2 protein chains.
Amino acid sequence: MSVGDIHVPADCRRVGEILQRIGDKWTVLVVVTLGSGPMRFNELRRAIGSISQRMLTLTLRGLERDGLVTRTVFPTVPPRVDYELTELGRDLLGPVAALGDWARRHGERIDAARRDFDGRCGGST
Amino acid sequence: MSVGDIHVPADCRRVGEILQRIGDKWTVLVVVTLGSGPMRFNELRRAIGSISQRMLTLTLRGLERDGLVTRTVFPTVPPRVDYELTELGRDLLGPVAALGDWARRHGERIDAARRDFDGRCGGST
DNA sequence: CCGTATCCAATCAGATACTG
DNA sequence: CAGTATCTGATTGGATACGG
């Protein structure tokens with residue numbers, strides 16, 4: 001498909017929805033972190049570093065709800081819970097990596113454009 | 001690059017930032033709509049349909065700031081302002097299309113997973 | 001260890017009214 | 001036509017404390 005063919009309104013809505021869904025503060029970070037294999041709750045938490053317990057829980061619940069990760073509880077003591085990407089979740093890694101690639105390639109250019117724009121506008125204040 | 005190699009924390013942050021940036025309610029919709037060529041303000045507005053004037057303005061400003069669209073004012077009366085994707089913006093269409101493709105392929109599956117999850121949980125309410 | 005509940009500040013987005 | 005300004009409700013996300 002050529003990039004010129006993708007503007008069917010209904011489809012764009014769908015894309016917008018998905019992007020809003022995975023575009024929250026933590027979802028992608030969690031998904032790509034889980035990309036390296038199953039992980040326990042706190043393991044995941046430490047890997048991400050700055051996420052609060054609440055947000056990690058909420059994010060994981062959302063991902064589970066959407067069928068992107070599985071949650072496995074081991075009835076041991078202390079309790080252990082593993083999270084793992086489903087096939088659907090792993091499948092998402094591809095497109096996300098593409099976007100990540102774009103971000104890495106052009107991140108600096110965006111920063112420059114921002115500095116430029118802000119310089120032209122808020123410069124006199 | 002294989003999908004297993006993309007979890008360098010710093011890079012993931014970057015991806016997360018970009019995704020939050022373009023993951024707001026309207027940005028992607030505007031970008032893909034502009035994908036078919038330059039458009040005037042109200043033309044864009046009608047094409048999207050449900051967006052408010054305020055949000056379209058804010059979204060376009062953001063995109064302009066990031067160097068993803070250009071804004072061209074024709075000093076005519078009535079005034080005419082054209083918006084057009086920059087090369088950077090057009091370059092973004094590719095990854096976004098990939099994500100859109102994923103969304104279209106798996107949207108139904110996600111809906112099903114949601115119904116299933118909600119049925120298992122909120123079923124008794 | 002793995003969550004849930006509550007409170008709270010910040011941001012977002014819609015509606016409306018007004019301007020060049 | 002193409003914005004800007006202001007007000008308001010909704011949503012988000014962090015901190016903290018507590019429960020299984």
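All values below come from the heavy atoms of this structure, side chains included, with hydrogens, waters and symmetry mates left out. Chain identifiers are assigned alphabetically (A, B, ...) following the order of the sequence lines, protein sequences preceding nucleic acid strands; residue numbering begins at 1 within each chain. Please read these numbers as outputs of a predicted model, since none were measured by experiment.
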5' precedence on DNA chain C between B:Ile51 and A:Phe41 (nearest-nucleotide basis): A:Phe41
Carboxylate-amine/guanidinium contact B:Asp101 B:Arg104, below 4.0 Å: yes
Shared hydrophobic cluster for A:Val77 and A:Phe74 (ILVMFWY, side-chain gaps under 4.5 Å): no
Within the structure shown, what part of the strands sits under 4.0 Å from B:Arg54 by heavy-atom distance: base, sugar-phosphate, or nothing? base
Quick one: pull up OG in A:Ser36 and CG in A:Leu85 and give me the separation to the nearest 0.5 Å. 8.5 Å
How long is the span from the CG atom in A:Leu92 to the CG atom in B:Leu99, to the nearest 0.5 Å? 6.5 Å
Nearest non-hydrogen partners of B:Tyr83 and B:Arg61, listed with the distance: OH-NH1, 3.7 Å
Would you check if the side chain of B:Asp24 reaches a backbone N or O of B:Thr27 as a donor-acceptor pair within less than 3.5 Å? yes
Between the CG atom in A:Leu29 and the CD atom in B:Gln20, the distance rounded to the nearest 0.5 Å is 10.0 Å
Taking 4.0 angstrom as the limit, do B:Arg120 and B:Asp116 come out as a salt bridge? yes
Check: A:Arg109 side chain, B:Asp66 main-chain N or O, donor-acceptor pair, under 3.5 Å: no
Bounds of contact between DNA chain D and chain B, in 5' to 3' order, using a heavy-atom cut-off under 4.0 Å: D:dC1 to D:dT6
With DNA chain C as reference, determine whether B:Gln53 or A:Tyr83 sits nearer its 5' end, using the nearest nucleotide of each. A:Tyr83
Result for 5'-nearest mapping on DNA chain D, choosing between B:Arg46 and A:Pro79, is B:Arg46
In residues 60-76 of chain A, what residues come within less than 4.0 Å of DNA chain C, judged by heavy atoms? A:Arg61, A:Arg71
With a 4.0 Å cut-off (strictly under) to non-hydrogen atoms of chain B, the first and last hit nts on DNA chain C, 5' to 3', are C:dA13 to C:dG20
Could you grab the distance from atom CE of B:Met55 to atom CG of B:Leu60, nearest 0.5 Å is fine? 10.5 Å
